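The model shown is predicted, which means the values in this text are computed figures rather than measured ones.
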Amino acid sequence: MTAALDSTTTRRTVDLGPAVELVSKEEGHRQPLAPEFVSAEDFSPLEVAYDFGRVRREDIEAGPRNIWRYKRLLPVPSNVEEIPNTEPGCTRLVKADRLAKALGVKSLWVKDDTGNPTHSFKDRVVAVALAAAREFGFDTLACPSTGNLANAVAAAAARAGWQSVVLIPSSLERAKVLTTAVYDGNLIAVDGNYDDVNRLATELAAEHENWAFVNVNVRPYYSEGSKTLAYEVAEQLGWRIPEQIVVPIASGSQLTKVDKGFREFAKLGLVEDTPYKVFGAQAAGCSPVSAAFRNGHDVVQPVKPDTIARSLAIGNPADGPYVLDTVRRTGGAIEDVTDEEVVEGIRLLARTEGIFTETAGGVTVATAKKLIEAGKIDPDAETVLLITGDGLKTLDAIENEVGPKATVPPSAAAVHKALGL
C-alpha cells in the first residue's frame, strides 16, 4: 500500500519545513516522513504532523503574494519560493451582495479560485506535492484525474522541468483534455471512470519508484495544500473565521483540510477560536457522502457516477468518512443537487456576481441555495462559498442553455426592436 523510493533515499534528511512525521488518522500511529500514504499499522490514511513553533500574523503578511506566505504551516522546504513553481494562491474573496440577495442571506462571500494559474484550486495542492516530491528525490510528476488536477500537474511539471504522466477517463470534457495536453506531457486516456483510473494509478505508483503520484504516494503532502484556502479566507476576512462555509466534495480531502486550516489558525492564536459550521456539496449523480449523511451512516457506500459535474465524480471518495466526522462535529450538513440545479447554479453566480464557474461551482451554489431554503444554513450568519474552478473548463454544461438574445441585421433599428425599445 506504499510506494517508497530505495532505502538510501528515504532515510536521508529531508527539509519539509515544520513537518516532523506522519500520523495515521485512525489510531495515531507515528512514522517518519516518507512518500507513503497508508499506515502499515492500522491501514488508515496518513497525514502530516507538525511542530509549528511561533507563527505571527506579521510574518505571514510579509510573505509573497501566493501560498508560500504560509510556508511555515506547510510540508515544504524552507526555500520553496526560490524554486521554479506556478506560485498559486492569494485569489480574491468577493463580497457577493447580489448573490446574497438572490439567495436570501445577509452576508455572503465567494472565494474565487478560478484565478489560479490553471484556473482551479488544484494548483495549490500540486505545488505543495511537487515541493515535497522534490525533497524525496522523485523526478516525474503524475496523477489520476477528473480534469482540474490533470491541468495543474501538467503545468507544474512543465514549469519545474519535470516529466509528467497524467491519467484521465477517456470521457473527460474536451476542454480539460486540451488544457492538459497543451503542456506536452504524457497524457493517457483510460477507458473507464475515475475510480478505474485511480486504481490503475495506485498500481503504477508501486511499479515506478521515481514517479510521484500527487494524490497517491505523496498524498499526505498534496492534501495539505487545501489548507491554504482556509488560511486565505481567514486572513482576507481580517483574521477571523467565517461562521459558515460551503465546500464541494469529490474525494472529500478539501473539506477536511479547510476545517484543519481553521483549527490550526485558531490554535496558533492567529484568529479567535470562534465556532463555525462546514457544509458539503455533491451532485445527485455522485452523492455517496450526502447519502451517508442523510441516512445517519458512518460508512460511505461507493456509487457509479452519472453527473455533468465530472470534477466531483468520484464514486468511492477516500476521505468520505472524515467528511462526515467534520460536518457533524461542526454542526453543518451535506446535500446534493440535480444536474439541472447545477446549471442554474452556474448561471445564477454568473448573472449576479460576474463569476463564471465550472460545474463543481454550480454544485456549490445550488447546494447552498437548497440548504438555505431548508433552513439548514442560517441566513443571518456570515457565509463563504468555495468556487474552485473556471467555467471555461466545462462549456458543454451550458452550451444548450445560453446564447444570443437575438440575431439581427447591422442596423440600430434592428437592435432597438430586439431589445423592445
(Q) Counting only heavy atoms not in Asp15 (residues, nucleotides, ligands), do more than 12 fall under 6.0 Å from its CG? (A)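 More than 12 heavy atoms, drawn from other residues, nucleotides or ligands, come within 6.0 Å of this atom.
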Q: Taking atom CZ of Arg69 as the centre, report whether more than 12 heavy atoms of other residues, nucleotides or ligands fall under 6.0 Å from it.
A: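 Enclosed.
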For [X] and [Y], which I'm curious about, is there any donor-acceptor pair between the side chains at under 3.5 Å?
X      : Y      : value
Thr86  : Arg159 : no
Thr307 : Asp339 : yes
Asn210 : Asp139 : yes

Q: With side chain to side chain donor-acceptor pair (under 3.5 Å) as the test, would you mind laying out the steps for Glu21 and Tyr50 before giving the verdict?
A: CA-CA 7 Å; Glu21 58 190 352; Tyr50 299 91; over 6 Å; no
May I ask you to say whether [X] pairs ionically with [Y], meaning some side-chain N is under 4.0 Å from a carboxylate O?
X      : Y      : value
Asp396 : Lys176 : no
Asp259 : Arg263 : yes
Arg310 : Glu173 : yes
Arg199 : Asp196 : yes
Lys260 : Glu224 : yes
Arg240 : Glu382 : yes
Lys277 : Glu243 : no

Nearest 0.5 Å, what's the [atom1]-[atom2] distance between [X] and [Y]?
X      : Y      : atom1 : atom2 : value
Ser107 : Asp378 : OG    : CG    : 11.0 Å
Asp42  : Glu26  : CG    : CD    : 6.5 Å
Phe293 : Phe279 : CZ    : CZ    : 8.5 Å

Q. Taking only residues at least two apart or on different chains, which pairs with a member in residues 90-129 satisfy ring pair (Phe, Tyr, Trp, His ring centres under 6.0 Å)?
A.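 Non-adjacent pairs meeting ring pair (Phe, Tyr, Trp, His ring centres under 6.0 Å): zero.
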Q: Begin with the C-alpha distance, continue with both residues' side-chain angles, and end with the deciding distance and a verdict on side chain to side chain donor-acceptor pair (under 3.5 Å) for Glu358 and Thr394.
A: CA-CA 5 Å; Glu358 65 163 355; Thr394 58; 4.9 Å; no
Q: Apply the test side-chain contact (heavy atoms from CB on, under 4.5 Å) to residues Arg328 and Asp298: give CA-CA distance (whole Å), side-chain angles for both, the deciding distance (0.1 Å), then the verdict.
A: CA-CA 11 Å; Arg328 287 166 177 160; Asp298 296 325; 3.0 Å; yes
Could you give the side-chain donor-acceptor pairs of residues 248-256 under 3.5 Å, partners two or more places apart or in another chain?
| residue | atom | partner | partner atom | Å |
| --- | --- | --- | --- | --- |
| Ser251 | OG | Arg219 | NH2 | 3.4 |
| Ser251 | OG | Ser253 | N | 3.2 |
| Thr256 | OG1 | Ser253 | O | 2.9 |

Is the backbone of [Y] close enough, under 3.5 Å, to the side chain of [X] for a donor and an acceptor to pair up by distance?
X      : Y      : value
Thr364 : Ala360 : yes
Asp113 : Ile387 : no
Thr338 : Glu341 : yes

Q) Which is it for Tyr194 and Ile314 under the side-chain contact (heavy atoms from CB on, under 4.5 Å) test, yes or no, and what are the steps along the way? A) CA-CA 6 Å; Tyr194 174 78; Ile314 297 180; 3.5 Å; yes
Can you list, pair by pair, the side-chain donor-acceptor contacts under 3.5 Å of residues 96-104, counting residues two or more places apart and other chains?
| residue | atom | partner | partner atom | Å |
| --- | --- | --- | --- | --- |
| Asp97 | OD1 | Lys95 | NZ | 2.9 |
| Arg98 | NH1 | Arg351 | O | 2.9 |
| Arg98 | NH1 | Thr352 | O | 3.0 |

Q: Please report the C-alpha distance between Ser290 and Asp336 in whole Å, then the side-chain angles of each, then the deciding distance to 0.1 Å, and finally whether the side chain to side chain donor-acceptor pair (under 3.5 Å) criterion is met.
A: CA-CA 6 Å; Ser290 175; Asp336 55 77; 2.7 Å; yes
Q. What heavy-atom pair brings Ala283 and Val363 nearest, and what distance separates the two atoms?
A.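 That would be N-CG1, 4.0 Å.
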Q.
Ignoring hydrogens, what is the shortest heavy-atom contact between Asn217 and Phe37? Give both atom names and the distance.
A.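 That would be CA-CD2, 3.8 Å.
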Q: Look at the rings of Phe136 and Phe138 and say which category their plane angle falls in: under 30° parallel, 30 to 60° tilted, over 60° perpendicular.
A: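 The rings of Phe136 and Phe138 stand perpendicular, inter-plane angle above 60°.
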**Q.** Over-ring placement of Lys227 relative to Tyr70, 6.0 Å and 45° cut-offs
**A.**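 The answer is no; the distance or angle limit is not met.
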Q: Apply the test side-chain contact (heavy atoms from CB on, under 4.5 Å) to residues Arg57 and Phe265: give CA-CA distance (whole Å), side-chain angles for both, the deciding distance (0.1 Å), then the verdict.
A: CA-CA 10 Å; Arg57 290 180 183 177; Phe265 257 28; over 6 Å; no
